[in-house]
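What you see is a predicted model, and the numbers here were worked out from it, not measured in a lab. Proteins come first, then strands; the chains are lettered A, B, ... in the order of their sequence lines, and each starts at number 1.
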Number of protein chains: 2
Amino acid sequence: MGTRGRVTKVSVADLAAELDVSTATVSRALNGSPAVRPELAQRIREHAEARGYVANRMARALSANVSRAFVGFVIPYVDTPAYSSVAAECARLLSADGTQLILTITENDPERELHQLKDLVASRVAGLIISPSTHILEASKQLLSNLPVVEFHRACGIAAPGVFSEDEQAMSEAVLHLAALGHTRIGYLGTPEALSNGAARLRGLHRGLELAGLDRGAVAMRLLEPTTDNGKRGVRDLLDGSRPPTALIVGGGALSIGAAQAVHESGRRLPDELSLVVYGHPSWFALSDPPLTRITVDYQDLALRAARLLNTVLDSGPARGGEPEPQFVTAQLHLAGSTGPPPKRAHASDRKSRR
Amino acid sequence: MGTRGRVTKVSVADLAAELDVSTATVSRALNGSPAVRPELAQRIREHAEARGYVANRMARALSANVSRAFVGFVIPYVDTPAYSSVAAECARLLSADGTQLILTITENDPERELHQLKDLVASRVAGLIISPSTHILEASKQLLSNLPVVEFHRACGIAAPGVFSEDEQAMSEAVLHLAALGHTRIGYLGTPEALSNGAARLRGLHRGLELAGLDRGAVAMRLLEPTTDNGKRGVRDLLDGSRPPTALIVGGGALSIGAAQAVHESGRRLPDELSLVVYGHPSWFALSDPPLTRITVDYQDLALRAARLLNTVLDSGPARGGEPEPQFVTAQLHLAGSTGPPPKRAHASDRKSRR
DNA sequence: TTGAAAGCGCTAACAT
DNA sequence: ATGTTAGCGCTTTCAA
């Protein structure tokens with residue numbers, strides 16, 4: 001019993017020969033075609049099982065010349081919940097349909113991205129779930145426009161559906177929250193405007209400022225690539241000025257992690273000396289004391305929608321007809337202990353006014 | 001110019017026809033065979049380029065009947081750095097060789113795992129990088145023993161090479177560190193002994209106790225599946241007893257995250273009221289105050305070794321000859337502010353002995 | 001140096 | 001209900 005020796009080597013031809021039927025019958029039986037006598041089908045299946053037969057998906061895909069065997073999953077990073085949790089959930093959902101995920105990490109490098117997209121096309125993936133790199137190449141877009149594609153987190157302007165977090169409102173709420181507390185000098189650390197989600201958050205920021213009656217000039221900004229290091233750097237920059245902001249908003253998950261660390265390292269007490277609003281999965285900030293006011297997104301929901309969207313797109317081919325509808329998962333602002341009224345006095349180095 | 005219309009559809013046959021040569025010549029030219037006249041080869045390549053030709057990896061793999069097109073990456077979870085960072089690094093390293101990673105998440109479910117392994121075999125993956133589920137099925141082991149496999153983090157007793165973190169020493173050091181500080185009642189929260197790394201950490205614990213001259217009975221233990229929730233639960237259990245430990249060691253990344261949260265929520269001050277040693281990637285604990293004494297592993301190094309090992313295994317076929325050498329990445333104990341002498345007085349409910 | 005042809009393992013017309 | 005056969009796109013003998 002059991003498969004001894006080397007790797008599986010049984011083919012339909014083998015089974016057919018051994019049972020003295022045709023390969024077509026075997027194939028039909030194995031695929032549950034009703035056109036084969038139940039008893040025979042049963043016998044074939046049992047024999048296949050006994051011989052440890054495992055169908056070759058490549059051959060199958062090649063023959064069918066269209067199959068859902070593989071789907072490409074293209075992301076800039078994977079070591080942050082915004083991506084890893086979506087990857088996990090998509091892999092889970094798609095595997096139920098017998099679709100396998102080919103994982104590809106661009107590190108936000110456009111060249112690498114293009115190369116990987118080509119490889120994915122070469123693998124004849126049925127479709128793609130992608131979070132494009134910041135400065136995606138034209139050639140990459142070309143490739144994408146000829147494939148069933150679902151975007152998430154970031155959009156790159158191709159005619160493909162996508163799932164995104166709707167950050168504008170939460171962002172604007174965050175500004176209003178701080179303004180209501182009395183803050184007038186706010187620092188913003190976010191991702192570049194070239195990133196669709198960076199742009200959305202910026203819109204939210206601006207809208208919040210407008211509603212709060214604050215001038216855009218009231219905000220010191222740093223727009224950086226979303227990495228933990230940039231989070232640290234950005235916060236240090238923002239805090240080091242001669243007239244540092246009394247409140248900080250961070251728009252981006254990886255940035256927030258670094259930002260929270262940098263704030264912590266700066267020794268400023270939250271919220272007495274500084275108010276802080278971070279962005280991202282709660283688990284990253286669970287240990288901080290006080291708990292941080294934060295903007296969160298339900299990544300699982302987002303993943304679910306992405307997987308569903310992909311199925312839709314796979315059923316109807318790439319970018320047919322009109323502009324596809326993007327879907328949105330609403331980000332939520334959660335208040336916690338890291339935001340409060342601004343310090344009573346201006347920063348020491350600012351004015352000489354003692355008490 | 002550029003690829004218009006539908007998906008890439010150019011085949012070697014097309015190129016051959018267009019250039020009035022045979023498919024064999026095209027294939028040879030494209031694969032850089034020296035057997036083709038350089039000038040012709042050049043012309044073929046240019047034409048292929050111009051026509052936007054992309055070789056079909058499936059067909060290629062099918063024909064070659066052995067290829068490195070795909071490698072399976074099988075892990076129980078992906079939302080923890082212990083896995084996500086290894087995934088990222090492996091994807092990066094393998095993609096350089098033109099190998100794509102098929103990501104598969106078992107959620108530590110043996111049935112699911114078996115099913116996915118079958119699918120991977122069906123996809124004719126060249127090999128597998130796997131972190132087996134806790135209670136892996138015999139059938140799964142069977143499959144694995146007929147494939148080039150590299151294990152990591154966890155070993156399941158098959159004759160395959162692997163990369164693991166060498167936790168024993170760090171674990172034992174942690175115990176000695178606590179013992180030296182004066183702790184005699186230590187709590188241990190770890191993963192089940194059925195997990196190879198759980199067993200290793202336990203050995204380290206025992207060795208530490210022995211060296212410290214402490215009895216094994218001095219340790220209250222909880223061995224749980226590595227999830228954040230279990231981390232919380234375990235800590236609450238350990239701390240709720242009538243004679244709670246004065247120090248806690250956590251052996252496991254996900255467990256540590258939950259554990260740190262639970263400790264935090266319990267309101268105990270570190271290290272005055274409780275000493276705590278956690279395990280895992282520093283980024284998860286960066287925000288905690290005080291910084292936590294921790295055991296860390298260089299996952300990037302681990303990933304690098306895994307990728308290298310895989311290449312070796314792919315070159316020599318599965319489990320040939322003698323037992324393959326496992327590799328180890330040494331875990332490091334970093335001292336920080338969460339460990340200190342035990343509280344002066346025993347727990348109130350413990351003994352009446354004052355001063 | 002190049003071409004013709006035989007597969008790789010499977011599915012799907014097209015017979016019977 | 002079952003068998004025959006022609007591919008899917010590529011590599012690779014075997015001939016020329």
Side-chain angles (χ1 to χ4, degrees), chain A residues 6-45 47-48 51-70 98 119 121-126, chain B residues 6-45 47-48 51-70 98 119 121-126:
Chain A
R6 295 280 297 112
V7 88
T8 316
K9 274 275 147 218
V10 196
S11 71
V12 273
D14 296 334
L15 298 180
E18 288 159 13
L19 290 171
D20 210 49
V21 296
S22 75
T23 61
T25 305
V26 173
S27 173
R28 282 192 274 254
L30 260 24
N31 292 313
S33 158
V36 56
R37 188 158 38 90
E39 178 236 290
L40 213 208
Q42 182 63 15
R43 200 153 61 86
I44 293 178
R45 279 194 285 267
H47 185 70
R51 296 284 280 109
Y53 169 78
V54 183
N56 186 330
R57 309 184 96 202
M58 304 226 198
R60 179 173 294 184
L62 185 60
S63 171
N65 203 17
V66 53
S67 91
R68 298 192 180 185
F70 301 113
D119 276 358
V121 170
S123 290
R124 296 299 187 268
V125 291
Chain B
R6 296 280 296 111
V7 86
T8 316
K9 275 274 146 219
V10 196
S11 72
V12 274
D14 296 334
L15 299 180
E18 289 160 14
L19 290 172
D20 211 49
V21 296
S22 75
T23 60
T25 304
V26 173
S27 173
R28 282 192 274 254
L30 261 23
N31 292 313
S33 157
V36 56
R37 189 158 37 90
E39 179 234 292
L40 213 209
Q42 181 64 14
R43 200 153 61 86
I44 293 178
R45 278 193 285 266
H47 185 69
R51 296 284 279 107
Y53 169 78
V54 183
N56 185 330
R57 309 183 95 200
M58 303 227 203
R60 179 174 294 183
L62 185 60
S63 172
N65 204 15
V66 53
S67 92
R68 299 197 178 181
F70 301 113
D119 276 359
V121 171
S123 290
R124 297 298 188 269
V125 291

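- Both tests hold for R57(B) against F70(B): distance to the six-membered ring centre under 6.0 Å, angle to the ring axis within 45°.
- For the helix from dT1(C)-dA16(D) to dT16(C)-dA1(D), the rotation axes defined at the first and last 5 base pairs enclose an angle of 40°, given to the nearest 10°.
- R43(A) contributes atom CZ, which lies 7.5 Å from atom CZ of R37(A) (distance to the nearest 0.5 angstrom).
- A search for side chain to side chain donor-acceptor pair (under 3.5 Å) contacts involving R60(A) returns nothing, not counting sequence neighbours.
- Taking CE of M58(B) as the start and OG of S63(B) as the end, the distance is 15.0 Å to the nearest 0.5 Å.
- Going from atom CE of M58(A) over to atom C1' of dG7(C) covers 17 Å, rounded to whole Å.
- Distance, N56(A) CG to dG9(D) C1': 14 Å, rounded to whole Å.
- The two residues A55(A) and A122(B) make their nearest non-hydrogen contact at O-CB, 3.2 Å.
- Without hydrogens or angle criteria, S123(A) side chain to V125(A) main chain gives no donor-acceptor distance under 3.5 Å.
- Phosphate proximity of dG3(D) to T25(A): present, with a side-chain N or O under 4.0 Å from OP1 or OP2.
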Q: Could you please spell out the steps behind the side chain to side chain contact (heavy atoms under 4.5 Å, CB included) verdict for L30(B) and V26(B)?
A: CA-CA 6 Å; L30(B) 261 23; V26(B) 173; 3.6 Å; yes

Contacts under 3.5 Å, N or O only, protein and nucleotides 11-13 of chain C:
residue, atom, partner, partner atom, Å
dT11(C), OP1, N31(A), ND2, 3.4
dT11(C), OP1, R60(A), NE, 2.7
dT11(C), OP1, R60(A), NH2, 3.2
dT11(C), OP2, S27(A), OG, 2.8
dT11(C), O4', S63(A), OG, 2.8

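- Taking each heavy atom of S67(A) and A61(A) in turn, the nearest pair found is OG-CB, 3.5 Å.
- Partners of S33(B) by side chain to side chain donor-acceptor pair (under 3.5 Å), not counting sequence neighbours: none found.
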Q.
As a quick check of understanding, evaluate side chain to side chain contact (heavy atoms under 4.5 Å, CB included) for T25(A) and S22(A), giving each step before the final call.
A. CA-CA 5 Å; T25(A) 305; S22(A) 75; 3.0 Å; yes

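- Every residue two or more places apart in sequence or in another chain that forms a side-chain contact (heavy atoms from CB on, under 4.5 Å) with E18(B) is listed here: D14(B), L15(B), H47(B), R51(B).
- Using a 4.0 Å cut-off on heavy atoms, the residues of residues 36-45 of chain B that approach DNA chain C are V36(B), R37(B), L40(B), listed by number.
- When the P atom of dC10(C) is taken as reference, atom NZ of K9(A) falls 10 Å away, rounded to whole Å.
- The residue among L62(B) and P34(B) whose nearest nucleotide of DNA chain C lies closer to the 5′ end is P34(B).
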